[in-house]
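Working notes, beginning with the structure itself.
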2 protein chains.
Amino acid sequence: MAASIIDVARRADVSTATVSRALRGLPNVSEATRERVLRAAEELQYSISPHASSLASGRTGTVGVVLPFVNRWFYSQVVAGIDSVLRANDHDLLLYNLGDERVHERFFARMPLRRRVDALIVLNLPLSAAECEALVSMEVPVAVLGTRIPGCWHVSIDNAEGASTAVRHLINLGHRRIGMITGALGDPRGFTTPIVRQHAYRTVLAQAGIPYDPDLEAPGYFGIEEGASAMAQLLSLPDPPTAVFAESDQMAFGALRTLNRMGLKAPDDVSVIGFDNHETAELLDLTTIAQPVAHQGELLARQILDALSGASEEPTRVVVPTRLVVRGTTGAARVARPQHRHPSPRPGPEPDQHDRTTAR
Amino acid sequence: MAASIIDVARRADVSTATVSRALRGLPNVSEATRERVLRAAEELQYSISPHASSLASGRTGTVGVVLPFVNRWFYSQVVAGIDSVLRANDHDLLLYNLGDERVHERFFARMPLRRRVDALIVLNLPLSAAECEALVSMEVPVAVLGTRIPGCWHVSIDNAEGASTAVRHLINLGHRRIGMITGALGDPRGFTTPIVRQHAYRTVLAQAGIPYDPDLEAPGYFGIEEGASAMAQLLSLPDPPTAVFAESDQMAFGALRTLNRMGLKAPDDVSVIGFDNHETAELLDLTTIAQPVAHQGELLARQILDALSGASEEPTRVVVPTRLVVRGTTGAARVARPQHRHPSPRPGPEPDQHDRTTAR
DNA sequence: TCTTTTCATGTAAACGATTGCATTACCTCC
DNA sequence: GGAGGTAATGCAATCGTTTACATGAAAAGA
């Protein structure tokens with residue numbers, strides 16, 4: 001049977017109140033007493049009962065993390081970032097994986113985290129208005145990545161900027177026929193990231209005077225396989241793109257595989273740029289837009305800790321920069337192919353510096 | 001203020017005891033009453049206080065997962081597997097990332113999970129004898145992956161079998177000079193996986209009559225970068241290997257990168273085989289030993305649930321099979337190079353079937 | 001009709017901490 | 001030497017459940 005605070009109190013010959021204060025390092029405990037308590041606790045191998053403690057104090061010392069996939073690189077990276085900060089501040093991390101649609105529904109029907117966590121971190125979850133409200137109604141600080149929820153702390157990258165940089169990079173290389181592999185779902189429900197990126201893609205093309213062609217947008221749903229299919233779809237066009245912007249590295253990987261299987265090469269046949277700087281991107285020599293992934297997790301955790309400590313009263317929003325990383329899958333557009341009537345001018349020298357270029 | 005069980009009791013005009021029973025679906029509650037309680041709870045948006053509940057019942061409904069890295073593919077897969085099973089059985093998952101050595105020490109010094117979880121799942125952690133004992137002394141069921149701890153439930157693959165299959169595959173391709181990129185740490189502390197694989201490598205070579213050469217074993221510490229260095233080291237040997245077995249795909253990726261940067265190709269110059277069947281392995285066309293990763297997580301969770309429900313009294317051990325997946329990075333050994341005195345015989349036809357071969 | 005069972009419900013004591021308030025002892029200062 | 005202040009400690013209520021036990025009513029058996 002594990003020792004309780006009463007046992008410690010008896011052994012140190014003080015009241016349980018004093019034990020509680022001594023153990024938590026509160027003031028108003030004499031040095032002698034504190035030491036006696038500490039020793040007693042040590043000898044009895046006492047460890048506090050977190051449940052009793054939270055029941056009495058109302059604090060749980062736990063932060064819930066709700067996300068759609070633990071097993072994808074991006075999320076596991078963010079979780080690692082959150083964990084490191086939380087852990088350093090003596091908080092626990094309760095993981096909620098909402099991948100399955102049924103789990104998702106159940107979560108919002110039963111609100112199992114209510115009263116169980118001091119705060120919530122929500123990662124890239126498509127949420128209905130009612131669901132957002134349900135979260136807010138838990139009356140704990142909520143920090144959000146990707147999704148926009150009013151009244152919540154917020155961390156994000158500048159998606160418009162990142163996507164624009166990617167597309168501009170391709171244009172600078174002389175490409176005019178530029179496809180995009182999008183991640184957009186049917187119902188975004190507040191998960192605006194893919195929409196923002198897609199919008200940036202269209203805007204930049206328009207600014208460059210390139211006409212809009214809906215056929216050049218293929219859905220890849222943020223998956224490798226789907227990215228591969230999307231690329232196949234783009235290549236089957238009568239006038240296929242010479243460059244493709246995939247809004248996630250995973251989809252770009254799929255795209256590269258498709259090229260590979262069709263005997264084509266990047267960047268000789270098609271330039272490919274991704275988004276994320278996934279750990280595998282370097283291996284595959286993929287040009288991409290890097291975002292600080294684990295760092296965003298750390299920021300979320302810090303926001304939460306500040307909110308909890310009262311240091312941050314009002315929800316804040318922090319935007320972290322992205323960075324263009326030029327590698328081997330993007331290159332100058334080839335001179336016009338036979339079916340073009342007017343050969344396009346030889347592209348000028350690539351204005352982006354090579355490797356690790358910081359955009360903006 | 002959230003409603004408590006007392007509010008529900010008042011509204012349904014019963015005692016809190018009855019509310020508790022009705023809500024948990026216990027017998028001995030009349031249908032009429034149960035319905036009344038359910039409605040009252042619904043109307044008040046009541047949700048139970050897990051802390052009060054665990055304090056009173058002694059159960060926490062939470063399983064702790066302790067691991068060295070959340071942000072590596074392997075672990076995030078396992079966690080996803082654990083999560084799915086736990087979630088389906090209404091258990092929560094408390095994540096403990098022990099990557100940092102200091103966090104590790106603190107964990108065992110303070111045992112923060114004591115009294116906080118009903119059970120523990122430990123993934124591939126190098127643990128000292130004292131640490132193992134500390135875990136066992138928590139007096140909750142413990143399920144372990146990779147590490148061996150007496151008195152604990154256990155899931156694993158047959159590492160000896162898997163590694164042997166990998167090395168045999170290379171031998172069957174006619175290779176005689178076979179290197180290994182090992183993951184072994186200085187102090188394994190019970191994390192025997194790399195040792196077992198290394199031992200299998202040596203044994204199979206010996207069985208094939210190939211003399212042991214310590215220079216052919218280079219440490220890669222399960223990392224990409226380190227795998228890359230290990231490969232560089234092997235290639236710098238006076239008589240470099242014609243094939244390399246990396247005991248993890250990540251290290252194999254690093255190895256491939258090194259080859260690539262040196263202008264060499266797999267399998268033309270060096271054959272490479274990995275271990276894990278990492279999601280990226282297919283992309284890089286890496287031959288590897290596949291293990292069911294998420295599935296092992298599910299098994300661990302199921303063992304724990306069985307232990308908790310009393311269905312499994314004694315710790316059990318389940319071994320899941322591995323499978324050789326032949327892809328493009330392994331090929332027949334080239335005929336002997338100039339410096340060899342006697343040309344080795346032309347290798348016979350590859351006995352392993354191509355792609356998706358199941359090894360035992 | 002009078003036990004004996006069975007079933008539904010209530011009573012109240014845990015569970016193991018935290019914390020507002022009261023108390024005591026000891027200083028300090030006039 | 002008494003008033004007032006401060007620091008250390010104790011008392012006891014409280015947090016929101018669960019659950020052993022008691023109770024009473026209805027059903028079953030004799």
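Reminder, nothing fancy here: chain letters follow the sequence lines and each chain counts from 1.
Residue contacts for B/Val14: at a heavy-atom cut-off of 4.0 Å it reaches the sugar-phosphate backbone alone, with no base atom in range. Here A/Arg34 lies out of heavy-atom contact (under 4.0 Å) with every strand.
The salt bridge (charged side-chain N to carboxylate O under 4.0 Å, His left out) pairs that include a residue from residues 36-56 of chain A are A/Arg11-A/Glu43, where partners are two or more places apart or lie in different chains. Listed by first and then second residue, the salt bridge (charged side-chain N to carboxylate O under 4.0 Å, His left out) pairs involving residues 102-112 of chain B are A/Asp90-B/Arg106, A/Asp90-B/Arg110 (not counting sequence neighbours).
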Letter by letter from the 5' end, nucleotides 22-28 of chain C scores (B base, S sugar-phosphate only, - none; protein heavy atoms under 4.0 Å) -------
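For D/dT17, the OP1/OP2 oxygens have a side-chain nitrogen or oxygen of A/Arg115 closer than 4.0 Å. At C/dG10, one or more side-chain N or O atoms of B/Ser15 fall inside 4.0 Å of OP1 or OP2 (strictly under the cut-off). Distances shorter than 4.0 Å separate some side-chain N or O of A/Ser20 from OP1 or OP2 on C/dT18. For C/dT9, the OP1/OP2 oxygens have a side-chain nitrogen or oxygen of B/Thr33 closer than 4.0 Å.
With sequence neighbours left out, A/Asp92 forms a side-chain hydrogen bond (donor to acceptor under 3.5 Å, both in side chains) with A/Arg87, B/Tyr96, B/Arg116. Residues passing the side-chain hydrogen bond (donor to acceptor under 3.5 Å, both in side chains) test with B/Ser57, sequence neighbours excluded: none. Partners of A/His91 under the ring pair (Phe, Tyr, Trp, His ring centres under 6.0 Å) rule, at least two apart in sequence or in another chain, do not exist in this structure. Every residue two or more places apart in sequence or in another chain was checked for a side-chain hydrogen bond (donor to acceptor under 3.5 Å, both in side chains) with B/Thr147, and none qualifies. Considering only residues two or more places apart in sequence or on other chains, A/Ser312 meets the side-chain hydrogen bond (donor to acceptor under 3.5 Å, both in side chains) condition with A/Trp153.
For the helix from C/dT1-D/dA30 to C/dC30-D/dG1, the rotation axes defined at the first and last 5 base pairs enclose an angle of 40°, given to the nearest 10°.
Here the options are B/Leu95, B/Val79, B/Asn71, the test is side chain to side chain contact (heavy atoms under 4.5 Å, CB included), and the partner is A/Val79; only B/Leu95 passes.
When every heavy atom of B/Val293 is checked against every heavy atom of B/Phe74, the shortest pair comes out as CG1-O, 3.5 Å.
At a cut-off of 3.5 Å, with distance as the only test, no side-chain donor of B/Asn97 or B/Tyr75 sits close to an acceptor on the other residue.
Contacts between residues 23-32 of chain B and DNA chain D, counted as heavy-atom distances below 4.0 Å, involve B/Arg24. For the contact set between residues 36-56 of chain A and DNA chain D, defined by any heavy atom under 4.0 Å, the members are A/Leu55, A/Ala56.
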Just the table, please: protein N/O against nucleotides 20-26 of chain D N/O, every pair under 3.5 Å.
none

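Atom CD1 of A/Ile6 is surrounded by 12 or fewer heavy atoms from other residues, nucleotides or ligands within 6.0 Å.
Remark: side-chain polar atoms of B/Gln296 are not paired, donor with acceptor, to backbone N or O of B/Val78 under 3.5 angstrom.
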